Amino acid sequence: DADGDLSKVMSIRDLRNWKGRQVGLPIVGRGYDLHHIAQKQYAREMFDNANITVPDLDEMPGAFLHRGRHRRGYGPNHGPGQPTIHDLIEQEIGDIQNNPPTNVDILDALKEAYSQFDAPEYWDMAEKWLLEKGITR
């Protein structure tokens with residue numbers, strides 16, 4: 001818990017460099033993925049919608065997630081009753097081909113998806129990072 005202070009939260013780049021060296025084992029590649037807290041695809045879209053130059057997205061806070069809970073098609077933890085975080089975000093955003101989401105739609109989707117994922121602290125970090133980069137409702 002970083003108490004809202006993003007300087008206490010590791011970025012994707014920091015986590016990539018760390019890769020479990022503290023325990024002598026690589027974590028990424030051993031069943032875990034790095035997750036961009038404000039999911040890269042939608043972060044890019046929000047910056048584009050706001051006419052803001054897309055920042056280095058690897059400076060975004062990140063989290064290690066088991067592959068089966070991160071994205072489709074990995075392992076025994078992905079199945080009925082076990083939606084991935086990407087599934088939840090996409091479910092909340094809806095049909096982007098026929099109904100492109102606004103920044104408010106994306107922000108609301110992230111908040112709801114992280115609530116369903118039982119990780120509201122991820123939403124707090126995503127919202128704070130996005131606000132610091134100029135994304136507002």
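Treat the numbers as computed from the prediction; the structure is a model and nothing was measured.
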Verdict with reasoning, Asp58 to Lys40, per salt bridge (charged side-chain N to carboxylate O under 4.0 Å, His left out): CA-CA 9 Å; Asp58 283 349; Lys40 279 194 315 190; 5.4 Å; no

Run Asp108 and Arg137 through side chain to side chain contact (heavy atoms under 4.5 Å, CB included) and show every step you take. CA-CA 10 Å; Asp108 288 346; Arg137 290 183 170 271; 2.8 Å; yes

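Considering all non-hydrogen atoms of both residues, Pro61 and Leu6 come closest at CG-CD2, 4.0 Å. What you find for Ala38 and Ala43 is that their closest heavy atoms are O-CB, 3.3 Å. Across all their heavy atoms, Ala113 and Glu92 have their closest contact at N-CG, 4.2 Å.
Rounding to the nearest 0.5 Å places CD of Glu45 at 4.5 Å from CD1 of Ile106. Atom CE of Met60 is separated from atom CG of Leu130 by 6.5 Å, given to the nearest 0.5 angstrom. One finds the CD atom of Gln116 at 5.0 Å from the CG atom of Leu88 (value rounded to the nearest 0.5 Å). Between His86 atom NE2 and His35 atom NE2 the span is 5.0 Å, to the nearest 0.5 Å. Note that CZ of Phe117 is 10.0 Å distant from CG of Asp87, once rounded to the nearest 0.5 Å. Atom OH of Tyr42 is separated from atom CG of Asn103 by 13.0 Å, given to the nearest 0.5 angstrom.
Both Leu110 and Ile96 are part of a single hydrophobic cluster, where members link through side-chain heavy atoms under 4.5 Å apart. Cluster membership check: Leu107 shares its hydrophobic cluster with Ile52, using side-chain heavy-atom separations under 4.5 Å among Ile, Leu, Val, Met, Phe, Trp and Tyr.
Inter-residue side-chain proximity for Ile135 and Phe47 is flagged as met; some heavy-atom pair is nearer than 4.5 Å. Counting heavy atoms from C-beta on, the side chains of Val54 and Asp48 come closer than 4.5 Å. Between Tyr114 and Ile85, the closest side-chain pair of non-hydrogen atoms falls below 4.5 Å.
Under the salt bridge (charged side-chain N to carboxylate O under 4.0 Å, His left out) criterion, Glu112 pairs with no residue at all, not counting sequence neighbours. Listed by chain and number, the residues in a salt bridge (charged side-chain N to carboxylate O under 4.0 Å, His left out) with Arg44 amount to none (sequence neighbours excluded). Remark: Asp56 pairs with Arg13 by the salt bridge (charged side-chain N to carboxylate O under 4.0 Å, His left out) rule, at least two apart or across chains.
Not one N or O on the side chain of Asn49 forms a donor-acceptor pair closer than 3.5 Å with the backbone of Met46.
If you run side chain to side chain donor-acceptor pair (under 3.5 Å) between Asp33 and each of Arg69, His70, His66, only His70 comes through.
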